[in-house]
Asker: 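Provided herewith is a single structure, encoded as structure tokens, for subsequent inquiry.
Only this structure's heavy atoms are used, side chains among them; waters, hydrogens and symmetry mates stay out. Note that the coordinates shown come from a computational prediction; the quantities given were computed from them, not determined experimentally. Residue numbering restarts at 1 for every chain, and letters A, B, ... go by the order of the sequence lines.
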Amino acid sequence: MAARAARAATIADRLAVVHPGASCSLDFDSPYQLVIATILSAQCTDKRVNLVTPQLFARWPDPRSLAAAKPAQVEGVIRSTGFFRAKAKSLLGCARGLVDRHGGEVPTTLEELVRLPGVGRKTANVVLGSAFGITSGVVVDTHVGRICRRLGLTKHTDAVRAERDLVRLVPRDHWIGFSHRLIEHGRTVCPARGPRCEQCPLADLCPRVGVKTARPAR
DNA sequence: ATCCCGAGGG
DNA sequence: CCCTCTGGAT
């Protein structure tokens, strides 16, 4: 549908003005660190993840050391990110997968990444895009899905179906930037609760059905 | 009470 | 398809 593609282009252009340098807000300085940080980011703010990763990477600086770590010790360090047992299990399994199948390096294809414990399509897209500069798809996280539904770019709540719509609407070379700007927009202007519609550059494109404006001023 | 840059398991 | 995992923030 050409009309929706034009709408998507308008949205992408305006977000590029407001969030020009939007990028991954997780702290990392290697692909290994980004994989770990992104696994931890599930149902958790990046800010919270950035609070625990320095300790994590200081104690277990590479896949080999992390694969040999005691689960209980890892759980202790990552506890505040929530889902700490499942996440610790994923981290150890992921580290083991990196060592066993990839010589301790992070693979650069979606198929290999998704095979690692704790790494789903969203995490794989983030890692490929931000650690390697590889465009593999649109990152559809909770923000991207919610905003694109509000704006009528997709009707799907399922992330895979939403992504299928978005990759058709947005030119391939804009996929990563579009993703990061939507995520930034979601964090700063259009969160699930209390969207700040009065300062949203997309307000005229948004139905805002049943959306309450932030803060009843008191 | 509901949401946070999800993923795995039944 | 659903359910579960979990602490922190609002």
Asker: Hey, is the side chain of A/Arg146 poking within less than 4.0 Å of OP1 or OP2 on B/dC3, counting only N and O atoms?
Answerer: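 Answer no for this pair, as no side-chain N or O of A/Arg146 is under 4.0 Å from OP1 or OP2.
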Asker: When the nearest nucleotide of DNA chain B is assigned to A/Leu116 and to A/Ser41 on a heavy-atom basis, which residue is associated with the more 5' position?
Answerer: A/Ser41
Asker: Does anyone know the first and last nucleotide of DNA chain C in reach of chain A, 5' to 3', at under 4.0 angstrom to a heavy atom?
Answerer: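 Terminal contacting nucleotides, 5' to 3': C/dC5 to C/dT10.
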Asker: Mind checking A/Ser25 for me? I need base, sugar-phosphate or nothing, with any heavy atom below 4.0 Å counting as a touch.
Answerer: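 Base contact.
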Asker: Describe the nucleic acid contact of A/Pro117 in one word from base, sugar-phosphate, nothing, applying a heavy-atom distance below 4.0 Å.
Answerer: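 Answer is sugar-phosphate: A/Pro117 comes under 4.0 Å of backbone atoms only.
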Asker: Would A/Arg121 and A/Glu163 pass as an ion pair if we require N to O under 4.0 Å?
Answerer: yes
Asker: Tell me, please, which residues at least two apart from A/His180 pass ring-ring contact (aromatic ring centres under 6.0 Å, His included).
Answerer: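 With neighbours one apart ignored, the set is empty.
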Asker: In this structure, how many angstroms lie between the P atom of B/dG8 and the CZ atom of A/Phe83, rounded?
Answerer: 13 Å
Asker: Whole angstrom is fine here: how far is it from NE2 in A/His185 over to C1' in B/dC5?
Answerer: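 About 15 Å, once rounded to whole Å.
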Asker: Can you tell me the distance, in whole Å, between the CZ atom of A/Arg85 and the C1' atom of B/dG9?
Answerer: 16 Å
Asker: Could you please name the option among B/dC5, B/dT2, B/dA7 that lies closest to any side-chain atom of A/Thr123?
Answerer: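 Of B/dC5, B/dT2, B/dA7, B/dA7 is nearest to the side chain of A/Thr123.
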Asker: Round to a whole Å and report the spacing from CD1 of A/Ile78 to P of B/dG6.
Answerer: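 Atom CD1 in A/Ile78 sits about 15 Å away from atom P in B/dG6.
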Asker: Rounded to the nearest 0.5 Å, what separates atom CG in A/Leu91 from atom CZ in A/Phe84?
Answerer: 13.0 Å
Asker: Which nucleotide, B/dG6, B/dC5, B/dC3, lies nearest any side-chain atom of A/Ala192?
Answerer: B/dC3
Asker: Does A/Thr38 place a side-chain N or O at less than 4.0 Å from the phosphate oxygens OP1/OP2 of B/dC5?
Answerer: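 The answer is no; no side-chain N or O of A/Thr38 sits under 4.0 Å from OP1 or OP2.
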Asker: Given A/Gln33, which partner from the list A/Asp29, A/Ile36, A/Val35 fulfils the side-chain contact (heavy atoms from CB on, under 4.5 Å) test?
Answerer: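 The passing option is A/Asp29.
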Asker: Do any N or O atoms from the side chain of A/Asn50 and from the backbone of A/Leu26 form a donor-acceptor pair under 3.5 angstrom?
Answerer: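 No, the answer is negative, given that no donor and acceptor are paired below the 3.5 Å cut-off.
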Asker: Salt-bridged, A/Arg181 to A/Glu184, with N to O below 4.0 Å?
Answerer: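 A salt bridge is absent here (no side-chain N lies under 4.0 Å from a carboxylate O).
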Asker: Please measure how far the P atom in B/dG10 lies from the corresponding atom in C/dT6, and state the result in whole Å.
Answerer: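 Pairwise P distance, B/dG10 against C/dT6, rounds to 15 Å.
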Asker: When the P atoms of B/dT2 and C/dC3 are considered, how many whole Å apart are they?
Answerer: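 Roughly 15 Å separates the two P atoms.
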Asker: Regarding A/Ser65 and A/Asp62, do their side chains bring together a donor and an acceptor under 3.5 Å, going by distance alone?
Answerer: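 Yes, a side-chain donor-acceptor pair sits under 3.5 Å.
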Asker: Heavy-atom nearest nucleotide on DNA chain B for A/Lys89 versus A/Asp141: which residue maps closer to 5'?
Answerer: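 Its nearest nucleotide lies further toward 5', so the answer is A/Asp141.
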Asker: Would you mind classifying the nucleic acid contact of A/Leu182 as base, sugar-phosphate or nothing, using non-hydrogen atoms under 4.0 angstrom?
Answerer: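 The residue A/Leu182 makes no contact with any strand.
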Asker: If I take atom CD1 in residue A/Ile39 and atom C1' in nucleotide B/dG6, what distance separates them, rounded to the nearest angstrom?
Answerer: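 About 11 Å, once rounded to whole Å.
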Asker: Apply salt bridge (charged side-chain N to carboxylate O under 4.0 Å, His left out) to A/Asp204 and list each qualifying residue two or more places apart in sequence or on a separate chain.
Answerer: A/Arg14
Asker: Check the distance between B/dC5's P and A/Leu34's CG and give it to me in whole angstrom.
Answerer: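 It works out to 15 Å between those atoms.
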Asker: For A/Val144, which contact category applies under a 4.0 Å heavy-atom criterion: base, sugar-phosphate, or nothing?
Answerer: nothing
Asker: Send over the distance from A/Lys122 NZ to B/dC5 C1', rounded to a whole Å.
Answerer: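 Going from A/Lys122 (NZ) to B/dC5 (C1'), I get 4 Å.
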Asker: In this structure, how many angstroms lie between the C1' atom of B/dC5 and the CG atom of A/Asp46, rounded?
Answerer: 6 Å
Asker: Using the P atom in both, what is the distance from B/dC5 to C/dT10, to the nearest Å?
Answerer: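 Looking at atom P only, B/dC5 and C/dT10 are 11 Å apart.
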